[in-house]
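Here the structure comes first, spelled out in structure tokens, and everything after it is commentary.
This structure is a prediction, so every number in the text was calculated from the model and none was measured. For ligands, and for the atoms within them, numbers begin at 1 and follow the listed sequence.
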Amino acid sequence: MPRHLLAAGDLDRPTAEHLLDTAARIEQAIAGREVRKLPTLRGRTVVNLFFEDSTRTRISFELAAKRLSADVINFSAKGSSVSKGESLKDTAWTLQAMGADAVVCRHSSSGAPQQLSAWVDGHVVNAGDGTHEHPTQALLDAYTLRRHLGGLQDRRIVIVGDVLHSRVARSNVLLLRTLGADVTLVAPPTLLPVGVSDWPATVSYDLDRALVGADAVMMLRVQQERMQGAFFPTAREYSRGYGLDGRRRDLLAPNGIVLHPGPMNRGMEITPQVADGANSVIVEQVTNGVTVRMAVLYLLLSGSEGAL
Ligand code: ASP
């Protein structure tokens, strides 16, 4: 394991598979227990340092750390000294002085967790930085895909929507490729980043064609909070070209699955019928998120497998 988890792109295949296998072992170790808790990280402190809004990721990390018996501190920028102008460096030094063993950081600036890792002795986990990466999301997606598809080698995964603003897309493309999958990105040209042709993925503008026979489709949220201009004419037009409805879902391979990292814009990138319907694993992604984050914290902080 590397010292920090900053990017899915940093993981080689053996490390990524080890993480996913560890998550599977944690799931087994906890299954059927009355008290769903392991004593592994007793006495360790995990700080959740969130400079940007989050529901599932923050709660998921909190639950993961608590299920490993760590002490958890939740720090959100709102209501802290950050709103008085404290710099990231001073915040880092404060955490360092308090002896945080791991810092889970979400920030609207790409690269903030990497910068933080230079200032603290503890392990840093990137919980989403700007439009750069969200490695634990990609790991929980890979875990979910592996459970349903049996493996990722040569599986065809289609990622659709706002690739330009999506750290989830970047992390997923890199990790899925590392794990042997074949990734197609589908988006309007205005929502693709410059240099996407260098990504290890095929790019298409034709969603129907890309979906035929695919093993899974991952819908991305249209990130309106990161959009300063108009990237498409109307929401209706976006849905018509790039939204997932029942007809399109049925183009997938017979056991093909539907993923979305959340939060969803229901009715825009995905219809409620598809989000809640057959083959949707969106709720399971949330459950798997806790297990995968337990594996990440466990491997970073305990560094061994013995205690599982
Ligand atoms: N929750 C994910 C993220 O933080 C996806 C999203 O916000 O659209 O990147």
Open item on the list: To the nearest 0.5 Å, what is the distance between CD1 on I282 and CE on M219?
Closed with: 9.5 Å
Open item on the list: Out of all atoms in ligand 1, which are within 4.0 Å of some heavy atom of V168? Include the element for each.
Closed with: 2 (C), 5 (C), 9 (O)
TODO: Provide the number and element of each atom of ligand 1 under 4.0 Å from a heavy atom of R221.
DONE: 6 (C), 7 (O), 8 (O)
Indicate yes or no for a side-chain donor-acceptor contact from [X] to the backbone of [Y] under 3.5 Å, with no hydrogens or angles considered.
{"X": "R106", "Y": "A127", "result": "yes"}
{"X": "S166", "Y": "V163", "result": "no"}
{"X": "R33", "Y": "K37", "result": "yes"}
{"X": "D129", "Y": "G111", "result": "yes"}

TODO: Report yes or no: does a heavy atom of S54 sit under 4.0 Å from some atom of ligand 1?
DONE: no
Open item on the list: Tell me whether ligand 1 is touched by R106 - counting only heavy atoms on the residue side and a distance under 4.0 Å.
Closed with: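 Contact check R106 vs ligand 1: positive.
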Task: Test of ring centre spacing under 6.0 Å for Y143 and H148 - done: no
- [ ] Select one of side chain, backbone, both or neither to describe which atoms of R56 lie under 4.0 Å from any atom of ligand 1, heavy atoms only.
- [x]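 No part of R56 comes within reach of ligand 1.
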TODO: Just need the protein heavy atom nearest to atom 5 (C) of ligand 1, so name the residue and atom and give the distance.
DONE: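 Going atom by atom, the protein heavy atom closest to atom 5 (C) of ligand 1 ends up being G262 O, 3.3 Å.
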Open item on the list: Starting from atom 4 (O) of ligand 1, what is the nearest protein heavy atom, named by residue and atom, and what distance separates them?
Closed with: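 Sorting protein heavy atoms by distance from atom 4 (O) of ligand 1 puts R167 NH2, 2.8 Å first.
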